[in-house]
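A short write-up of the structure that comes next.
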Amino acid sequence: MSRAGPARRAALIAIVPLLVAASDPTGDVAGCGDRPGAGTPPDLVDARGEIVELGTSARWTLTFAEALTVPDAVGRPFRVDIAIRDPDVPPLSFGYYTDVNRLVRVDATVAHETEIYLLPERGANVFNPPIIEGATMTIQIPGRTLSADEDLTGTSPGLEALRWTVIVRDGRACDVLGDGRPTERFGVGSDAVGEDEPAADTRSGLSIWWLVAGAAVAALGIAGYVVRRAR
């Protein structure tokens, strides 16, 4: 077996933080905690969290093994919880939730609104229902409902510090992302910057304005040289 050289290892380490999507095994629905499973929650296979809209919103894209049926008319409606830990708030552990202090919840009911719970503060809020397209559920909420907007700018810089996980439940059966602990990080969505803002020229590391300024200086230098030769 060949050994990876230092350059290859460094490249792998550099790439790891960019892999913001978390995969989950197919067919791993089991009982919630130590309780026997009784229910049929959707089988979660992939989850991605992003900070979007100029840092003002958090968005999760959840992918399941099969198309979702909402409202869920069989038994009790299934429930999707984004369990979050804010490092600036005391964590709580209860049932099969460990070290969390915020919940973003969607019940597969007719309304299926997005509910936000601030657990230590005993606060609650309601936002728009998620977008459901086949086997994908996209949940997006304002960042200010999760972390403080102390300077009233509309952004929530505290979003980057949050860690999250996903728990899908139906009755006593659950499918959890990983080990169910809030360890996932947010990525930065493509719409985290303004659509009208020009992108930097990443090929050279210089913006177009520096290139224009350099060209102008060069032109002035050439003009001065011509004038001096004419004299």
Side-chain angles (χ1 to χ4, degrees), residues 9-35 37 41-52 55-65 78-106 114-121 123 127 130 135-148 155-170 173-190 192:
R9 287 197 297 268
L12 290 174
I13 293 172
I15 290 173
V16 166
L18 302 178
L19 306 179
V20 297
S23 61
D24 193 64
T26 303
D28 62 338
V29 175
C32 299
D34 297 329
R35 299 185 299 173
D43 187 4
L44 180 70
V45 296
D46 187 83
R48 183 173 69 252
E50 299 171 297
I51 299 173
V52 297
T56 63
S57 299
R59 180 174 68 201
W60 292 272
T61 304
L62 311 180
T63 304
F64 297 86
F78 70 81
R79 168 174 290 175
V80 176
D81 276 343
I82 311 290
I84 301 168
R85 179 174 181 179
D86 183 339
D88 296 330
V89 181
L92 302 176
S93 296
F94 54 96
Y96 35 88
Y97 297 86
T98 303
D99 293 336
V100 304
N101 41 42
R102 276 92 176 86
L103 287 179
V104 176
R105 171 171 291 174
V106 175
T114 303
E115 301 172 348
I116 302 103
Y117 295 96
L118 310 182
L119 301 178
E121 302 92 335
F127 198 63
T136 301
M137 174 183 289
T138 303
I139 304 171
Q140 183 167 330
I141 61 172
R144 64 179 181 274
T145 62
L146 294 175
S147 61
T155 61
S156 298
L159 287 177
E160 296 179 357
L162 303 184
R163 299 293 179 265
W164 55 273
T165 188
V166 184
I167 299 175
V168 186
R169 179 159 64 95
D170 184 357
C174 288
D175 187 11
V176 299
L177 180 64
D179 62 1
R181 294 178 178 270
T183 58
E184 302 299 329
R185 298 171 179 266
F186 280 110
V188 179
S190 59

If you take all heavy atoms of R169 and P41, which pair is closest and at what distance?
-> C-CB, 3.9 Å
Could you state the interatomic distance from CD1 (I82) to CD1 (I139), rounded to the nearest 0.5 Å?
-> 4.5 Å
For the residue pair A173 and V29, what are the closest heavy atoms and their distance?
-> CB-CG1, 4.2 Å
Test log, rule side chain to side chain contact (heavy atoms under 4.5 Å, CB included), inputs R185 and R163 = CA-CA 5 Å; R185 298 171 179 266; R163 299 293 179 265; 2.6 Å; yes
The residue among V168, D175, T136 that forms side-chain contact (heavy atoms from CB on, under 4.5 Å) with F64 is V168
Please round to the nearest 0.5 Å and tell me the distance separating atom OG1 of T63 and atom CE of M137.
-> 11.0 Å
Can you name the side-chain contact (heavy atoms from CB on, under 4.5 Å) partners of D88, sequence neighbours left out?
-> D86
A65: partners by side-chain contact (heavy atoms from CB on, under 4.5 Å), with sequence neighbours left out | T26, D43, V45
Output all residues satisfying salt bridge (charged side-chain N to carboxylate O under 4.0 Å, His left out) with E115, sequence neighbours left out; order by chain, then residue number.
-> none
Could you pull out the closest heavy-atom pair between A83 and V100, with the gap in Å?
-> CB-CG1, 3.8 Å
Taking the side chain as every heavy atom from C-beta outward, state whether L162 and R102 have any pair of such atoms under 4.5 Å apart.
-> no
Partners of R79 by side-chain hydrogen bond (donor to acceptor under 3.5 Å, both in side chains), sequence neighbours excluded?
-> D107
Side chain to side chain contact (heavy atoms under 4.5 Å, CB included) assessment of I167 paired with Y96 | CA-CA 9 Å; I167 299 175; Y96 35 88; 4.2 Å; yes
State, to 0.1 Å, how close N101 and V89 come at their nearest heavy-atom pair, and which atoms those are.
-> ND2-O, 2.9 Å
Out of curiosity, L62 CG to R48 CZ, how far, rounded to the nearest 0.5 Å?
-> 9.5 Å
Could you list the residues that satisfy side-chain hydrogen bond (donor to acceptor under 3.5 Å, both in side chains) with R105, not counting sequence neighbours?
-> D81
Does a side-chain heavy-atom distance below 4.5 Å link E50 with Q140?
-> no
To the nearest 0.5 Å, tell me how far I116 CD1 sits from L146 CG.
-> 7.0 Å
Considering residues at least two apart in sequence or located in another chain, which fulfil the side-chain hydrogen bond (donor to acceptor under 3.5 Å, both in side chains) criterion with S57?
-> E53
Parallel, tilted or perpendicular: ring planes of W60 versus W164, cut at 30 and 60 degrees = perpendicular
Check: I84 and P182 side chains under 4.5 Å, non-hydrogen atoms = no
Residues that D99 engages under salt bridge (charged side-chain N to carboxylate O under 4.0 Å, His left out), provided they are two or more places apart | R181
Heavy-atom closest contact (D24 atom, G178 atom, distance) | OD1-N, 3.3 Å
Separation between CG of L103 and CG of L92, rounded to the nearest 0.5 Å | 9.5 Å
Those residues at least two apart in sequence (or on a different chain) that pass ring pair (Phe, Tyr, Trp, His ring centres under 6.0 Å) with Y97 are F94
Check whether any side-chain heavy atom of V176 sits under 4.5 Å from a side-chain heavy atom of T165, and report yes or no.
-> no
